[in-house]
Amino acid sequence: MEVVNGDYRCQPQLTACVAGQLTLPLCYIRAMQELAGKHIVLGLSGGVACYKSAQLCRLLTKAGATVQVVMTEAAEQFMTPVTMQALSGRTVYTSQWDAREANNMPHINLSREADAVVIAPCSADFVAKLAQGRADELLSLMCVARPIDRVPLLLAPAMNREMWAHPATQRNFAQAAADGAHVLGVGVGEQACGETGDGRMLEPEELLADIAAFFTPKVLAGHKLLITAGPTFEAIDPVRGITNLSSGKMGFAIAAAAKTAGAQVTLVAGPVHLSTPRGVRRINVQSAQQMLGAVQSQIDQASIFIATAAVADWRPANAADQKIKKDGSGDVPALSFVENPDILATVAQSERAQSGALYCVGFAAESHDLLAYATAKRVRKGVPLLVGNIGPATFGQDDNALLLVDASGHRELPRASKTALGHQLVAELARRVPATTTRL
Ligand code: C5P
């Protein structure tokens, strides 16, 4: 079993149709829900990462936000205001003496209109200014002049690894955070200077996701969610096995949505080729027995358990140690099977689940009569909420339709991207998780 602290990359190859003909990467769809109609002041301080801010500006506007760019003199060394004006569709501000403003106070006017100020890149020098409350040019002046209770300040650090690790820089970011700024993460890897390490600015798609996440209500704050996802693989011999077509996408989408909604999320994943949602802890497993072991090792810490995994019902009774060879006789190997443990039912019967301290959610993939089967399965598994979907219509797809069945009846979540459904399910969950469930 391997514990991976993976990072999330928005996957541009995943597309979903929204608004009729428009086809967009899934990350935009989520961002659109949170950012449409928002007004973002995008501040650029000096750094090579300014090239990523051009793409961020584009992504923000595609997500439905209006973007007002403000640049420091140093930022203009890396990116022209012309480019940022073209991408944002608005005149760029670079000076506190900009006479275009009737009252000659751009630092006041710009900050009063904003739903958030995002500094990307935020250089070591710029955060030093913020930490000291200095205000000798437009961008820092505007940060200090913003209504601190109403206009959040998000910082996307970008610098060389030594600069990032320097105690003064760390001290300055800590001070900025203590003064109310929200400091986003940094990327790891090769840097423009040729060195490798922490301090790169996050990629534009990651920043978009983080900015959208910032605006997402934290309806699961304080909860620890454990979720299974993907298929299992039951070995026949060292090179063969039995598995199924589950892609894991629905479970990964729920994990990402729950993280965005403020939960601490542990994802127990069968063999799938999906990136780990950023901030989610992932435990990779292969077989149903390994999945049960991983779940049991984590379940005592959880307040919510969601079983989306397509666990194999049976496994070969005796997996061969060596590859089973054809012997030329034409005889086929005789395989016998034993039943796998039912992970969900096992957890649902535990004392914490029975007492209401752990809220359990099951999934049912059916081919027909979804309501009848899902209703019966909810009772059989002993869970308060069962989510049904039509297996053949959703396995491997980027969209799905869900049927929520609980003791009081059922509710449909119509066909939508799995990302969107993950967020809808999290909202439903937040309404249902009883107040008595321990927020750990
Ligand atoms: O019995 P069935 O496989 O249809 O039940 C589906 C639900 O039970 C899903 O939530 C699935 O993750 C869970 N399950 C499980 N362990 C099994 C079989 C199913 O946790 N061995």
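Remember, it's 1-based here, ligands and their atoms both numbered in the order they're listed. On a predicted model such as this, the values are computed, not experimentally measured, just so you know.
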Please report the C-alpha distance between M142 and L139 in whole Å, then the side-chain angles of each, then the deciding distance to 0.1 Å, and finally whether the side chain to side chain contact (heavy atoms under 4.5 Å, CB included) criterion is met.
CA-CA 5 Å; M142 191 193 64; L139 191 56; 3.9 Å; yes

Step-by-step side chain to side chain contact (heavy atoms under 4.5 Å, CB included) determination, D398 to K249:
CA-CA 7 Å; D398 292 331; K249 286 177 185 172; 2.9 Å; yes

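For the atom pair M159 CE and H166 NE2, the distance stands at 12.0 Å (nearest 0.5 Å).
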Present, as a list of atom pairs with distances to 0.1 Å, all nitrogen or oxygen contacts under 3.5 Å between ligand 1 and the protein.
unit_1   : atom_1 : unit_2 : atom_2 : d
ligand 1 : 1 (O)  : K381   : NZ     : 2.9
ligand 1 : 4 (O)  : K377   : NZ     : 2.3
ligand 1 : 5 (O)  : K381   : NZ     : 3.0
ligand 1 : 8 (O)  : K381   : NZ     : 3.2
ligand 1 : 10 (O) : A307   : O      : 2.6
ligand 1 : 10 (O) : F363   : N      : 2.8
ligand 1 : 10 (O) : F363   : O      : 3.2
ligand 1 : 12 (O) : A307   : O      : 3.3
ligand 1 : 12 (O) : A309   : O      : 2.6
ligand 1 : 16 (N) : I343   : N      : 3.0
ligand 1 : 20 (O) : L344   : N      : 2.8
ligand 1 : 21 (N) : P341   : O      : 2.8

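Applying the ring-ring contact (aromatic ring centres under 6.0 Å, His included) test to residues at least two apart or on different chains, none of the pairs has a partner in residues 280-338.
Surrounding CG of N318 are at most 12 heavy atoms belonging to other residues, nucleotides or ligands under 6.0 Å away.
Defined by atom type and a distance below 3.5 Å, a donor-acceptor pair is missing between the side-chain atoms of D125 and S123.
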